[in-house]
Amino acid sequence: MRLHIGSDHAGFALKERVKEHLIAEGHAVTDVGTHSEEAVDYPAYALQVGRAVATGQADLGVLVCGSGLGMEIAANKVHGVRAVQVIDPEFARMARSHNNANVITLAGRYTDEPTAFEIVDTFLATPFEGGRHERRVEGISDIENGGGR
Ligand code: RB5
């Protein structure tokens with residue numbers, strides 16, 4: 001898969017490990033930064049990864065900050081992004097199968113490495129179920145487009 005990954009300083013260490021893990025699995029990973037633990041502001045990275053996913057440059061995106069929450073909120077401001085903060089692999093599965101989430105955000109300060117690997121692996125391996133969920137995800141897009149059902 002073509003993946004974009006990014007983090008702020010608080011997510012940097014976990015982002016590096018997750019990136020290595022994904023590359024080892026054979027994914028094409030573009031790292032938009034940050035590249036150190038020097039303090040930065042997370043919205044810039046959420047924007048880059050969100051845009052790559054929304055424009056089709058990437059199949060899916062991965063973002064890491066301290067809690068995963070700021071990245072989630074910021075990425076969801078990009079039209080076409082459905083970002084979810086996940087701390088448990090089961091929710092990664094649900095986010096793909098029911099919600100067709102296209103960006104996952106991780107909590108660098110609260111998620112250990114093996115759990116993070118399991119979360120991203122589950123996220124990448126789980127297809128969107130479609131069916132009744134298609135209509136519901138379309139409903140989310142309708143809200144984004146100024147309408148609503
Ligand atoms: C940085 O201290 C922290 O606020 C950030 O990484 C993230 O957790 C925000 O949601």
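Bear in mind the structure is a predicted one, so any value in this text is a computation, not a measurement. Atoms within a ligand are numbered from 1 in the order they appear, just like the ligands themselves.
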> Going by heavy atoms in the side chains, are D88 and T115 under 4.5 Å from each other?
Replying inline: no
> Taking 4.0 angstrom as the limit, do R93 and E90 come out as a salt bridge?
Replying inline: yes
>> Can you list everything that forms a salt bridge (Lys or Arg N to Asp or Glu O under 4.0 Å) with E118? Sequence neighbours excluded, please.
In response: none
> Could you give the distance from NE2 (H4) to OG1 (T30), rounded to the nearest 0.5 Å?
Replying inline: 4.5 Å
Just the distances, no angles: every ligand 1 N or O to protein N or O pair closer than 3.5 Å, one line each.
from     : atom 1 : to   : atom 2 : distance (Å)
ligand 1 : 2 (O)  : R109 : NH1    : 3.3
ligand 1 : 6 (O)  : D8   : OD2    : 2.6
ligand 1 : 6 (O)  : G66  : N      : 2.8
ligand 1 : 8 (O)  : G66  : N      : 3.3
ligand 1 : 8 (O)  : S67  : N      : 2.9
ligand 1 : 8 (O)  : S67  : OG     : 3.1
ligand 1 : 10 (O) : S67  : OG     : 3.3
ligand 1 : 10 (O) : G70  : N      : 2.8

> Should we say atom CZ of R51 is surrounded by more than 12 heavy atoms from elsewhere, each under 6.0 Å from it?
Replying inline: no
>> Under a 4.0 Å threshold between the charged nitrogen and the carboxylate oxygen, would K15 count as salt-bridged to D8?
In response: no
